[in-house]
2 protein chains.
Amino acid sequence: MVNDKIYMDYAATTPVDPRVMEAMQPYFTERFGNSATLYSVGQEADKVLEDCRRKVAKLLGAKPSEILFTSGGTESDNLALKGVAFARGKGHIVTSKIEHHAVLHPAEWLEKRGFSVTYLPVDRYGTVSPESVEKAVREDTILVSVMHGNNEIGTLEPIEEIGKICRKKGVPFHTDAVQTVGKVPVNLKHVDLLSSSGHKLYGPKGVGIIFIREGTKIDPLLHGGGHEHGMRSGTENIAGIVGYTKALELAMKEMKTDTRKLLGYRKKLVDGLSRIPDCWLNGHPDKRLPGNVHFCFKFIEGESLILLLDQKGIEASTGSACSSKSLEPSHVLTAIGLKPEEAHGSLRLTMGRFTKEGDVDRVLEVLPGVVDRLRQISPLKK
Amino acid sequence: MVNDKIYMDYAATTPVDPRVMEAMQPYFTERFGNSATLYSVGQEADKVLEDCRRKVAKLLGAKPSEILFTSGGTESDNLALKGVAFARGKGHIVTSKIEHHAVLHPAEWLEKRGFSVTYLPVDRYGTVSPESVEKAVREDTILVSVMHGNNEIGTLEPIEEIGKICRKKGVPFHTDAVQTVGKVPVNLKHVDLLSSSGHKLYGPKGVGIIFIREGTKIDPLLHGGGHEHGMRSGTENIAGIVGYTKALELAMKEMKTDTRKLLGYRKKLVDGLSRIPDCWLNGHPDKRLPGNVHFCFKFIEGESLILLLDQKGIEASTGSACSSKSLEPSHVLTAIGLKPEEAHGSLRLTMGRFTKEGDVDRVLEVLPGVVDRLRQISPLKK
């Protein structure tokens, strides 16, 4: 639908919904006040900020004081891991092998600074077993971080069970919910820290939130003027925050209808693509993000597939947008047991609010021929 | 001019220039691609991002690879201090007592983590003497951070001389130039790290840059997908980056005319306000930001002054927006030697692109009466 192209990469980023844009607009040029000032336009900004915080808290089932606005999912993830680590000074972190790099790389960085980290394996669907979390937690564990929905293969993790175990053990539980907030129900009951990003749910880029349960020991990542209860300094991006809030409101309101539509399209795509020889669906067959379809096609390179699809007007990804320029096989596909040559033939199609049935039909019309053509010229094909 | 009010707080934040807004607009809803993806809309985003980086680099006299986009001035300051500190592991930092909290608080936080910090005093104008920097630098000094223009009293610091000393001593020099980029000429020749923020120069909130000279040892603050050459992960806020770039272009192009206008208004304001009894100008008389006027009025509270001025349609500040909700006397005013009771009677009037001569006249018409009224009811007045 966008730019006359068929956009199939909603997991990478989404366009700003026109209704979100409309809500943000006045906060750039007219209602531009700095929320930390005492006069009217500043106080108005402060009021808008706190209104947004209350709305987001209510939509997620949190207290307003537990919601902080950040610059996005990466900052929220970094704050969760490093903030808890710095507040504790030392200790052990449990996470999984299929986390987003915004969790894995902070974990690796903390390892270099004296913290120890366990990276849990996953099964062939990419599921982290709650039992493995229970076994991994030690006396000195200061944090467990397991994502809610995997950005590549779409698998939904059992965060309720994992959260319950963490609660029982008295260890804070963080979940990167960048792919799930506004897409599938998120229950904060057993969660202590949660990351979400605006541009994954039809809000703007450069804004996100972190939920931090009251009483969680955590240091700020950005020190300064003491904004966000001293937990995240920096003049608040009011336009972005208004955008995030409106986007979340819309996503929550339209979740049911959006999901019903996407589940239908997903089934159609999976059924149709499964007819192509030598290919398979990655991720969990049912417990997965409604808009996510992830296949591997033997004997071909995902990059070539993306480029040929692009020529045909279809925009898709090999996996995580955040690492698609890298030549290494995806750490997620490696973790579910794929060999490098299998992992290289991956294609992620992710659908969203503006996807139409005709888009799905067009993919099913085009893709088999493209795969066939690439296989004919493939040196990998025997 | 804004909201029919007279806005005199451009140092706290600026409205987005309509020309900036126009430039940003397409990047929210249409050209919304994720720059890390391979297909057309993503590649287009990547091209726009690199175009912006080149433009900003050229405007500031840097190499494109030396410019990173961040979420704003606070992040840039935190990255400069913590990034250098973490890369070095230990050592000594030299900064000044009048820095923005986005420099001071990271410095204090690093002190708790084993780094040592020297906070240089300033003279009565708020000037850091280059000699004091030279004396403070030790064998183990890893960073000097002195701001370019003070956000409260407007004093411009001798960063060229300070930078030369640092270069001679082989110590990286960071300057928080949030108040000066686009307002007064900034020479990067002797600077190794520089912070700038979009919303101080008629760009959007939530975006800024950091200049990091090639070869500077520094760790990232946000780890993740490896964006910004691995130095600042997180999906790039393309709309914001386009906005920052356009804002900087305009500010550089219009600096001369804007400055000429503001110097005239500043003189008029300073001359006019000086006629009020028992008051004085803070900051350096000449070496100061063109749009900054900062006075102390004896026997009154700045907060009451702000509120009465607001009633009369004039929006101003007591000092730093970032701490104006705090009741402690400003650390800057304390550093220049004011007693707490003197510091409390402060008023900052900061003018900018949309300030008109009539606004200045109106302030001069209203302020003497407001000060007089407050003094009549003041318990501080003998």
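Numbered from 1 within each chain, the chains take letters A, B, ... in sequence-line order.
- Counting heavy-atom pairs closer than 4.5 Å to chain B, the top residue among A:G72, A:G206, A:G224 is A:G224.
- Each of B:I306, B:L81, B:L221, B:I314 has some count of heavy-atom pairs under 4.5 Å with chain A, and the biggest count is that of B:L221.
- For the side-chain contact (heavy atoms from CB on, under 4.5 Å) test, residues two or more places apart in sequence or in another chain that qualify with B:T74 are A:L222, A:S233, B:N78, B:A102.
- At a threshold of 4.5 Å between non-hydrogen side-chain atoms, the residues B:H223 and A:H101 do not count as touching.
- Contact residues of residues 104-113 of chain B toward chain A are B:H105, B:P106, B:W109, B:R113 (heavy-atom distance under 4.5 Å).
- Residue A:L79 does not touch chain B at all, counting heavy-atom pairs closer than 4.5 Å.
- The part of A:E236 that comes within reach of chain B is its backbone (N, CA, C, O), which places non-hydrogen atoms under 4.5 angstrom from that chain.
- Chosen from B:I238, B:L309, B:L307, B:D219, the residue pairing most often with chain A at heavy-atom distances under 4.5 Å is B:D219.
- Listed by chain and number, the residues in a side-chain contact (heavy atoms from CB on, under 4.5 Å) with B:S346 are B:H294, B:C296, B:T318, B:L333 (sequence neighbours excluded).
- Counting heavy-atom pairs closer than 4.5 Å to chain B, the top residue among A:V103, A:T14, A:D17 is A:T14.
- Neither the backbone nor the side chain of A:D77 comes within less than 4.5 Å of any heavy atom of chain B.
- The interface of residues 240-247 of chain A with chain B, defined by heavy-atom distances below 4.5 Å, is empty.
- Under the 4.5 Å side-chain criterion, counting only non-hydrogen atoms from C-beta, B:S40 is in contact with A:K5.
- Across all non-hydrogen atoms, the minimal contact from B:A12 to A:Y39 is CB-OH, 4.5 Å.
- Ring centers of A:F32 and B:Y202: at least 6.0 Å apart, outside the cut-off.
- For chain A, the nearby parts of B:F86 are the backbone and the side chain; heavy atoms of each come within less than 4.5 Å.
- The candidate with the highest count of non-hydrogen atom pairs below 4.5 Å against chain B, out of A:G73, A:P204, A:P18, A:G33, is A:G33.
- Contact of the A:F28 side chain with the B:M24 side chain is registered, since non-hydrogen atoms from C-beta on lie closer than 4.5 Å.
- Paired with B:E315 under the rule side-chain contact (heavy atoms from CB on, under 4.5 Å), one option of A:V41, A:T37, A:L38 passes, and it is A:V41.
- With a 4.5 Å cut-off on non-hydrogen atoms, A:T70 does not touch chain B at all.
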